[in-house]
Number of protein chains: 2
Amino acid sequence: MTVSRALRNPDKVSQKTLTKIRAVVERLGYIPDPAASALAAGKTNVIGVIVPSVTNNVFSDVMRGIYEEAEGSKWQIQLGNSRYSPLEEENLVRTFLSQKPAGLILSGLDQSEVTANLLRSADCRILQIMECGPDPYDMMIGFSHVEASMAATRHLLEAGYRRPGYIAARLDPRSQRRLLGFQKTAEEAGVFDANRIVTTPRPSTVTLGCELVADLLSKAPDSDAILCNNDDLALGALFECQRRGLRIPEEFGICGFNDLEMMAAANPSITSVRTFRLDMGREAMRWMSNALTGIEPDKPAIDLGYQIIARKSTARGAGR
Amino acid sequence: MTVSRALRNPDKVSQKTLTKIRAVVERLGYIPDPAASALAAGKTNVIGVIVPSVTNNVFSDVMRGIYEEAEGSKWQIQLGNSRYSPLEEENLVRTFLSQKPAGLILSGLDQSEVTANLLRSADCRILQIMECGPDPYDMMIGFSHVEASMAATRHLLEAGYRRPGYIAARLDPRSQRRLLGFQKTAEEAGVFDANRIVTTPRPSTVTLGCELVADLLSKAPDSDAILCNNDDLALGALFECQRRGLRIPEEFGICGFNDLEMMAAANPSITSVRTFRLDMGREAMRWMSNALTGIEPDKPAIDLGYQIIARKSTARGAGR
DNA sequence: TTGACAAATGTTAGCGCTATCATTTTGATT
DNA sequence: AATCAAAATGATAGCGCTAACATTTGTCAA
């Protein structure tokens, strides 16, 4: 028992015994059995993380933030991939909860009714990431996708583009909200045209960006800009426009979403909406870890915001 | 006891009892406690996966393959990120082994001596991925990085380039072997020049590709091609060359490594060495799962090979 | 020196499963 | 109906740890 204490609450054990125990632990190479610990204590140090994709850049940045912050702490990350399916998410939540996790981090606001009930009655902390919205189960950290895409659309309008289109691949709930933001702002400015919305259920790639912009230009050849649902598409759009000899930004403006590192390197550099993915992961993990140590946040939700990074691809007229 | 059997070995229980048990399980929403199971059985259904990076496209593709194949099976994936550090890898192996995993999947051939000993005496299956080499601990699946980069270098030479350079970011062991392959082939052809090797310890980005090619062109302005250690760098190189008005492929050839999807979409499209990352992940998981079910592979290692995908960025002279 | 209290350490039971072996049931065969 | 092996089910103990409480040791003031 004293050994158990020495390993988990060193301050409850005298310095003398502590040294002795540590020496023996070292000599024997003793490592506690987490299964036995979980069984006896009725809880684990596992923090479950459920994301819709492990490939998507966006989530891999968030994951990296989470892992970075978890590194060296006692918390073990358990990753689950819901592949954008609410049903798979439900199963994952069920599996994860059976492991008596200390906490659960999951994406977005759009859980199935069953999942929502599981979460509400769950005996662990819940943290929603990626989005901000009303009624968190527990804690929430993200930003407003609608507002971000509204700002991006305004940016295109302010740059002088008058016939903007929108391209998007696989429409998860967040993508839909971004599309909504575009539509709203375009309508308010009286420049909305449904023909300039091109979407597909296929997953997003650079090649798909080429195809979608080609589609757009055949359906609405007079389009003079696009807001892309993400940066892969934006890069594809750039390549396709270049192949067609469209001058960017003079004849055609391009704006991406997320501001991946490559947007600054592109030629011309591509305007994008910066989102704070790494920070979101780090902050999520830090927050969770605090909550589990008894340090409650003063508010249940954090909005990390966004930032329009204007670059050459929308610098119409201007020299830069 | 019969319930335990019904859930793990349904064929050892009569049809009648099985139906009865399943009905009750369903009604109660019973889910077995994995911790108790692990403690009693002395083993788990966890397969530990240790990769050097969770962000890098290469590993995220492999991870996706692994997850896809694990989906729906009884195997639980536990991911660890060694961040390219042999020491962190050692700690992760230790932590993972304390969980009594069914198997361990890890990257490459270059473990520390301590790690190697841990693995050799480990009571679980071991699978090395990403590379092929001698003396697997247990099983191995990957390809030869040296041969792949030799083939890429030959491709550049056959396309008529005579002063090829090499750029690389963070030199993990696999990158080093690729550099070695380049050097060897270039030397054999009598075109090797150490001034045309530009490397940096910084992690790879598209922007870094721009910088490295700029470096190369200032150190050895007469270079007429580069082999890039990966596709991020290749894309950056393309952008930088375009900014400098270098005509690709006529004046300068570019070859990447991995053949990320965007290489085909680029303008001009970029030659790259295709590697089978998704298949590697899938095959790894399938192989591991077979081995754990008693189906032994007939050979301890699989070489998945590579493929030179020749595109416009090295099509000197030719129309395409 | 004594008592009072806190700090440190120890005792006991049990977390929810599964390995092992014992027992009962089933079904085929004489 | 009796016999026997195989199939199915059951009883028991214990995996390695921790919660809860009990006991011992140490510290300080009166």
Side-chain angles (χ1 to χ4, degrees), chain A residues 1-48 73-76 78 94-103 121-124 292-294, chain B residues 1-48 73-76 78 94-103 121-124 292-294:
Chain A
M1 195 56 232
T2 301
V3 172
S4 176
R5 249 187 306 252
L7 266 32
R8 294 177 302 145
N9 298 95
D11 48 322
K12 296 250 182 268
V13 172
S14 76
Q15 199 52 51
K16 209 182 70 192
T17 2
L18 201 54
T19 342
K20 219 176 343 177
I21 288 175
R22 288 203 170 135
V24 178
V25 162
E26 181 64 29
R27 183 159 58 78
L28 301 180
Y30 168 80
I31 297 179
D33 181 331
S37 165
L39 184 57
K43 63 180 187 217
T44 64
N45 288 335
V46 169
I47 295 181
S73 78
K74 65 171 183 174
W75 307 111
Q76 286 267 332
Q78 172 89 39
R94 221 187 294 274
T95 312
F96 278 24
L97 288 180
S98 83
Q99 300 185 38
K100 314 243 178 65
S121 60
D123 183 26
C124 70
L292 292 172
T293 331
Chain B
M1 196 54 233
T2 300
V3 171
S4 176
R5 250 188 305 256
L7 266 31
R8 293 178 303 145
N9 299 93
D11 49 321
K12 296 250 181 267
V13 172
S14 76
Q15 198 52 54
K16 209 181 70 193
T17 2
L18 200 54
T19 343
K20 220 176 344 178
I21 288 175
R22 289 206 169 132
V24 178
V25 163
E26 180 65 29
R27 183 160 57 78
L28 300 180
Y30 169 80
I31 296 179
D33 180 330
S37 167
L39 183 57
K43 62 178 189 222
T44 63
N45 289 334
V46 169
I47 294 181
S73 79
K74 67 171 181 173
W75 307 112
Q76 286 267 332
Q78 173 88 39
R94 221 187 293 274
T95 313
F96 277 26
L97 288 180
S98 82
Q99 299 185 39
K100 313 243 177 67
S121 60
D123 182 28
C124 71
L292 293 173
T293 332

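Below, read A as the first sequence line, B as the second, and so on, with proteins coming before strands; counting in each chain starts at 1.
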Without decimals, in angstroms, what is the distance between A/N9 CG and C/dG10 C1'? 16 Å
Just how far, in rounded Å, is C1' of D/dG16 from OH of A/Y30? 7 Å
Which of A/T17, A/I21, A/V13, A/V24 passes side chain to side chain contact (heavy atoms under 4.5 Å, CB included) with A/V3? It is A/I21
The residue, B/L18 or B/A36, whose nearest nucleotide of DNA chain D is more 5′ is B/L18
Can you measure B/R5 atom CZ to D/dA11 atom P for me and round it to whole angstrom units? 12 Å
What distance do B/L97 atom CG and B/D123 atom CG have between them, rounded to the nearest 0.5 Å? 9.5 Å
From B/T2 atom OG1 to B/L7 atom CG, the distance as rounded to the nearest 0.5 Å: 11.5 Å
For D/dC17 and A/S4 - does any side-chain N or O of the residue sit under 4.0 Å from the phosphate oxygens OP1/OP2? no
Is any NZ, NE, NH1 or NH2 atom of the basic residue among B/K100 and A/D33 found under 4.0 Å from an Asp or Glu carboxylate oxygen of the other? yes
What's the spacing between A/Q76 CD and A/I47 CD1 if we round to 0.5 Å? 10.0 Å
Closest to the side chain of B/T17, out of D/dC17, D/dT9, C/dT18, is D/dT9
Rounded to whole Å, how long is the line connecting atom NZ of A/K12 with atom P of C/dG10? 17 Å
Rounded to the nearest 0.5 Å, what's the gap from NZ on A/K74 to OG1 on A/T293? Could you check? 7.0 Å
Over how many whole Å does the gap from B/L7 atom CG to C/dA19 atom P extend? 13 Å
Which whole-number value in Å describes the distance from A/L39 CG to C/dC17 P? 9 Å
Does B/P32 reach a base, just sugar-phosphate, or nothing at all? Heavy atoms under 4.0 Å. sugar-phosphate
Whole angstrom is fine here: how far is it from CD in A/Q15 over to C1' in D/dT25? 17 Å
Against the side chain of B/D33, the closest entry in C/dA19, D/dC17, C/dC17 is C/dC17
Any side-chain N or O of A/S14 below 4.0 angstrom from OP1/OP2 of C/dT9? yes
Taking the side chain of A/A40 as its heavy atoms from C-beta onward, which of C/dG10, D/dT18, D/dT9 lies nearest to it? D/dT18
Distance check needed: D/dG16 P versus B/K43 NZ, whole Å only. 15 Å
Using a heavy-atom cut-off of 4.0 Å across all strands, would you classify A/R8 as base, sugar-phosphate, or nothing? sugar-phosphate
Nearest to side-chain heavy atoms of A/M1, which nucleotide of D/dA20, D/dC17, C/dC15: D/dA20
Five pairs at each end of the helix from C/dT1-D/dA30 to C/dT30-D/dA1: take the axis at both ends and give me the angle between them to 10°. 30°
Rounded to the nearest 0.5 Å, what separation is found between the OG atom of B/S14 and the NZ atom of B/K20? 8.0 Å
